[in-house]
Structure formats: structure tokens, C-alpha cells
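All remarks here apply to the structure that follows.
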Amino acid sequence: MQYWLFKTEPDAFSIDDLANIPDQTEHWDGIRNYQARNFLRDDVKIGDLVFIYHSSCKNVGIVGLAQVIKEGYPDHTQFEPESQHYDPKSLIDNPRWVMVDIQFRQKFKETLDLKTIKQMTSIEQIGLVKKGHRLSIMPVQKHEFDLLLKRCVI
DNA sequence: GCCAACGTTGGC
DNA sequence: GCCAACGTTGGC
């Protein structure tokens, strides 16, 4: 069992959107970064727990928890010319981009904001607070997950 | 909206 | 395979 952090812009898709879908399940499409793709394709497994992180918004931080219920499979939007994520170079019999399905687990009472996360010790290794921090899919170590979850208001 | 820090692209 | 130009990300 592994732990992850998925970023999303709440204006496009938020933790509330996930919670409000009838089966509370959504495919995490649109990832167009090779490192993130490799995580989705090779490492994200059924049962893994996922922090949902809101970026590019007023209240940046971890907002909730989801769980992986389907492992990597082709992201259909890469083949849709009208999609913002269309990739004309991707071949139907050799898809370049994959996605996973996740299901809502809980929304925290408060956002665990980035500022707080940065102030936490023993968490320096999480990609989120390292230089760059641009991956939209990143692994979280178990001890980091435990520390972060402990700070979340459930 | 700014801008630093990246990743990607493409000419050579 | 190098690397400059370009596009994107994301906090502020």
C-alpha cells in the first residue's frame, strides 16, 4: 500500500465535486507529464490512499482523502481532438497517457494549508515543499502521510 | 497578473 | 546529444 498526493485546481475540479458525484468516483484524466504518467502507469495501485490537494486558489493545501479503485488505463481524452488534453501524437494502439479511478473518502473540516505543511518538521522530503514542486502526482512516504493526516481535522 | 522554476521541443 | 526558446505550473 502506497500513499500519494494529487493536485487539482478547485475551479476545474474540487474535492466537493468528487464528493457530489453519485458514486463519488472519478477518473483522474488529463495528466500530461511523463514522470506523473509513470507513477500512474507503474506504481499507483488499488487501495492506495490519495491526499487531494487544491492548487492555484485562495486556500492552497490538502483538503481531503480519496482511494484508488482502478489502476492505470488509457486516458481517453488524448484521442479527442476537441479535448484540451488532446495529443495528436498518441497512438490508439499505443496510448501515451494513462489515468486511474479514485473514490472519495473524506473531506477534512479544514484545509491543511501549504504554509502549515512547510512549517512541519520531518516532512522536508515531500515533493510538495521541495524546490520545483511542480508534479501533479507525487508519492508520499508513510511517515509523511501519518504526520500529515494527524494534522488534518477530520 | 507576476515571475521563478521547471519540462518540452526542435534546430543543429 | 546539446541547448536556447518556448510553454506551463503554481505560489504569491
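Residue numbering restarts at 1 for every chain, and letters A, B, ... go by the order of the sequence lines. Keep in mind the model is a prediction, meaning the values are calculated, not measured.
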request  = Might you work through the ring pair (Phe, Tyr, Trp, His ring centres under 6.0 Å) test for A/Tyr86 and A/Trp97, ending with a clear yes or no?
outcome  = CA-CA 10 Å; A/Tyr86 178 57; A/Trp97 307 110; over 10 Å; no
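- At a non-hydrogen distance threshold of 4.0 Å, A/Ser55, A/Ser56, A/Val60 from residues 54-66 of chain A come into contact with DNA chain C.
- Nucleotide C/dG10 holds its C1' atom 14 Å from the CG atom of A/Asn33, rounded to whole Å.
- The shortest side-chain heavy-atom distance between A/Ile31 and A/Ser136 falls under the 4.5 Å cut-off.
- One finds no side-chain N or O of A/Tyr34 lying less than 4.0 angstrom from the OP1 or OP2 phosphate oxygen of B/dT9.
- Residue pairs meeting the side-chain hydrogen bond (donor to acceptor under 3.5 Å, both in side chains) criterion with at least one partner in residues 47-57 of chain A, sequence neighbours excluded, are A/Trp4-A/Asp48.
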N/O-N/O pairs, protein side and nucleotides 6-8 of chain C side, under 3.5 Å:
| from | atom 1 | to | atom 2 | distance (Å) |
| --- | --- | --- | --- | --- |
| C/dT8 | O2 | A/Arg134 | NH2 | 2.9 |

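- Partners of A/Phe79 by side-chain contact (heavy atoms from CB on, under 4.5 Å), not counting sequence neighbours, listed by chain and number: A/Ser90, A/Ile92, A/Pro95.
- Between A/Glu26 and A/Phe13, the closest side-chain pair of non-hydrogen atoms falls below 4.5 Å.
- In this model, the phosphate group of C/dG10 is approached by a side-chain N or O of A/Lys7 to a distance below 4.0 Å at OP1 or OP2.
- Ring pair A/His27/A/His76 is perpendicular by interplanar angle, where above 60° counts as perpendicular and below 30° as parallel.
- Side-chain heavy atoms closer than 4.5 Å link hydrophobic residues (I, L, V, M, F, W, Y) into clusters, and following such links, possibly through other members, connects A/Leu114 to A/Leu65.
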note = Each base of DNA chain C marked ( ) or [ ] if paired in-strand (Watson-Crick or G-U under 3.5 Å), | if paired to another strand and . if unpaired gives ||||||||||||
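- The distance from atom CG of A/Leu148 to atom NZ of A/Lys150, rounded to the nearest 0.5 Å, is 10.5 Å.
- Residues in residues 61-87 of chain A take part in these salt bridge (Lys or Arg N to Asp or Glu O under 4.0 Å) pairs, two or more places apart or across chains: A/Arg32-A/Asp75, A/Asp87-A/Arg96.
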message = Assess the residue pair A/Phe51 and A/Phe145 against the criterion (ring pair (Phe, Tyr, Trp, His ring centres under 6.0 Å)); give the C-alpha distance rounded to whole Å, side-chain angles, the decisive distance to 0.1 Å, and a yes or no.
response = CA-CA 9 Å; A/Phe51 278 132; A/Phe145 181 87; 4.7 Å; yes
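- The distance between atom CZ of A/Arg32 and atom C1' of B/dT9, rounded to the nearest whole Å, is 17 Å.
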